[in-house]
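Before any comments, here is the structure.
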Amino acid sequence: MQYTSIEIMALIFLVIASIKILVILINPRTWHDNVVKNIYRNPKILMVLSLILSAITLYYLLKELTIVQIFAAMLFFSLIAAVGVSVFSKDLMKLTNKLYNDKFILKKSWLYLLIWIVLILWGFKEILL
């Protein structure tokens, strides 16, 4: 069977998500110590790699979906993620308070914010124009 690029990306995500859930069900600390710590060890490499992979993913998604459909899927994912993080709301509030008290938050987040602004404007353009 020949898979489309979208199916391959979904399969990669499904395999990683399945492994993560399985490992966490067996021993949550193992996932943190062996995966999370290693991924976040070098944030600059993580940022560049994530940016490249995001661009590649968006390129292939746009071959089969519109930016509007992608935003609708992001809404679904955001709501599912909110279910997961809601049980940690007290810890999350401590973190957000710390982040928003950082005088350099905009300087640190400029690229992320710029990407979101471009995507949001693109989404509005497609829906409203």
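Quick caveat: nothing in here was measured; it's all calculated off a predicted structure.
Counting heavy atoms from C-beta on, the side chains of Leu46 and Asn42 never come closer than 4.5 Å. Between Met9 and Ile6, the closest side-chain pair of non-hydrogen atoms falls below 4.5 Å. Residues Ile70 and Leu119 have side chains not in contact (no heavy-atom distance under 4.5 Å, counting atoms from C-beta outward).
Counting all heavy atoms, side chain and backbone alike, Phe71 lies closest to Gly123 at CE1-CA, 4.2 Å. Taking every heavy atom of both residues into account, Leu106 and Leu113 meet most closely at CD2-CD1, 3.6 Å. The two atoms that bring Gly84 and Val87 nearest to each other are O-CG2, 3.3 Å, heavy atoms only.
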Name every donor-acceptor pair, under 3.5 Å, that has one atom in a side chain of residues 11-22 and the other anywhere in the protein, sequence neighbours excluded.
residue : atom : partner : partner atom : Å
Ser18   : OG   : Leu14   : O            : 2.7

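Distance check, rounded to the nearest 0.5 Å: CZ of Phe88 to CG of Leu92 gives 10.0 Å. Between the CD1 atom of Ile39 and the CD1 atom of Ile45 there is a distance of 12.5 Å, given to the nearest 0.5 Å. From Thr96, atom OG1 reaches atom CG of Asn101 across 9.5 Å, with rounding to the nearest 0.5 Å. Note that the CG atom of Leu49 and the NZ atom of Lys44 stand 16.0 Å from one another [nearest 0.5 Å]. Rounding to the nearest 0.5 Å places CG of Leu99 at 14.5 Å from CZ of Phe104. Here OH of Tyr60 is found 14.0 Å from CD of Glu7. Values are rounded to the nearest 0.5 Å.
Hydrophobic cluster membership differs between Met74 and Ile80, with clusters built from Ile, Leu, Val, Met, Phe, Trp and Tyr side chains linked at under 4.5 angstrom. Leu128 and Ile67 fall within a single hydrophobic cluster, where Ile, Leu, Val, Met, Phe, Trp and Tyr side chains are chained together by heavy-atom contacts under 4.5 Å. Under a hydrophobic clustering in which Ile, Leu, Val, Met, Phe, Trp and Tyr are joined whenever their side-chain heavy atoms come within less than 4.5 Å, directly or via other members, Trp116 and Leu53 fall into different clusters. The same ILVMFWY cluster, assembled from side-chain heavy atoms under 4.5 Å apart, contains both Ile52 and Tyr59. Grouping the Ile, Leu, Val, Met, Phe, Trp and Tyr side chains by contacts below 4.5 angstrom, directly or via other members, places Leu58 apart from Ile8.
Side chain of Ser109 to backbone of Tyr112: no donor-acceptor contact under 3.5 angstrom is found. At least one donor-acceptor pair under 3.5 Å links the side chain of Gln69 to the backbone N or O of Thr66. Not one N or O on the side chain of Ser50 forms a donor-acceptor pair closer than 3.5 Å with the backbone of Met47.
Within a 6.0 Å sphere centred on NZ of Lys98, heavy atoms belonging to other residues, nucleotides or ligands number 12 at most.
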Practice task
Kindly indicate, with the supporting measurements, whether the criterion side chain to side chain contact (heavy atoms under 4.5 Å, CB included) is fulfilled by Leu111 and Leu51.
Solution key: CA-CA 10 Å; Leu111 180 58; Leu51 190 58; 4.0 Å; yes
